[in-house]
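Remember, it's 1-based here, ligands and their atoms both numbered in the order they're listed.
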Amino acid sequence: MKKNSAVRIATIGIMSALATGLMFLEFPIFPAASFLKFDPSDILPLLAGFIFGPLDGVLVLLIKDILFYLLKSGDIVGIAMNFAAGVSFLLPVIYIYRIRENRVFEIIGYVVGVLVVTGVMTVLNMLVVPIYWKVPFEETLKLLPFIAGFNAIKFTIDSVVNALLRERIARIFED
Ligand code: RBF
């Protein structure tokens with residue numbers, strides 16, 4: 001797919017703005033770990049990654065997180081965790097899809113992406129939560145099922161929505 005750079009830059013801008021808006025819909029899934037908030041905004045970086053490439057996906061994610069930090073959150077730790085989760089999901093999905101651009105590799109990508117983000121964020125939370133919330137490590141361990149469950153649910157939903165939308169949206173950009 002050939003992409004003209006003005007279209008690419010404009011689309012990245014629109015996708016970043018839309019993603020920022022979607023992030024405002026955030027809500028907690030588990031009352032026991034209410035700092036973990038679900039929002040559907042990571043679908044846009046993923047779409048950008050499929051259409052333009054992995055680095056453009058990361059760019060949409062970064063712009064979304066910076067804008068959300070400035071407009072609403074003000075919490076650099078939460079934003080950094082959101083970014084870390086987005087990247088550790090997006091990169092495996094896109095790089096696996098690029099091995100063979102077909103439905104099978106797309107699905108393998110989603111499965112590996114969900115496993116990678118769940119593993120990475122579980123470890124990261126074990127390191128960050130005791131410092132961020134000033135709770136002992138044993139208390140943090142009790143949150144482990146919620147942290148793993150949260151990431152698995154969030155990124156499975158993103159995968160399903162992306163799988164349903166991706167081709168229709170990518171078609172708009174075909175020359
Ligand atoms: N977002 C994720 O998608 N996965 C995570 O594992 C995750 N862990 C977080 C841990 C802490 C301590 C905080 C403060 C936030 C975390 N977030 C995570 C981001 C959170 O869900 C939300 O998107 C941001 O806090 C912005 O409101």
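Distances between N or O atoms of Ser73 and those of ligand 1 include no value under 3.5 Å. Checking only distances, Asp39 never comes within under 3.5 Å of ligand 1, N or O to N or O. Where the criterion is an N or O separation shorter than 3.5 Å, residue side chain and backbone included, Asp75 fails it with respect to ligand 1. Close N/O approach between Lys37 and ligand 1 is found [any backbone or side-chain N/O within under 3.5 Å]. Residue contacts with ligand 1: Trp133 is placed with no nitrogen or oxygen under 3.5 Å of a nitrogen or oxygen of the ligand (distance criterion only).
No heavy atom of Phe38 sits closer than 4.0 Å to any atom of ligand 1.
The stretch residues 128-143 participates, sequence neighbours left out, in these side chain to side chain donor-acceptor pair (under 3.5 Å) pairs: Asp75-Tyr132, Glu139-Lys142.
Lys37 and Asn82 share no donor-acceptor pair across their side chains, judged by distance under 3.5 Å alone.
In this structure a side-chain-to-backbone donor-acceptor pair under 3.5 Å is missing from Asn162 to Asp158.
The nearest pair of heavy atoms linking Gly109 to Val93 is O-CG2, 3.5 Å.
Contact annotation: for Val117 versus ligand 1, there are no heavy atoms closer than 4.0 Å. Counting heavy atoms under 4.0 Å from ligand 1, residue Asn125 touches it through the side chain alone.
Side-chain contacts under 4.5 Å among hydrophobic residues (ILVMFWY), followed directly or transitively, place Ile9 with no other residue at all.
From the protein, the heavy atom lying nearest to atom 7 (C) of ligand 1 is Leu36 CD2, 3.3 Å. For atom 27 (O) of ligand 1, the nearest protein heavy atom (residue, atom name, distance) is Glu26 OE1, 2.8 Å. Shortest contact from atom 12 (C) of ligand 1 to any protein heavy atom: Phe35 CD1, 3.7 Å.
Figure legend: cation-pi geometry between Arg103 and Tyr97 absent, as NZ or CZ is not positioned both under 6.0 Å from the six-membered ring centre and within 45° of its axis.
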| request: Verify ring pair (Phe, Tyr, Trp, His ring centres under 6.0 Å) between Phe38 and Phe27, making sure each step is shown before the conclusion. | output: CA-CA 5 Å; Phe38 174 81; Phe27 61 92; 5.7 Å; yes
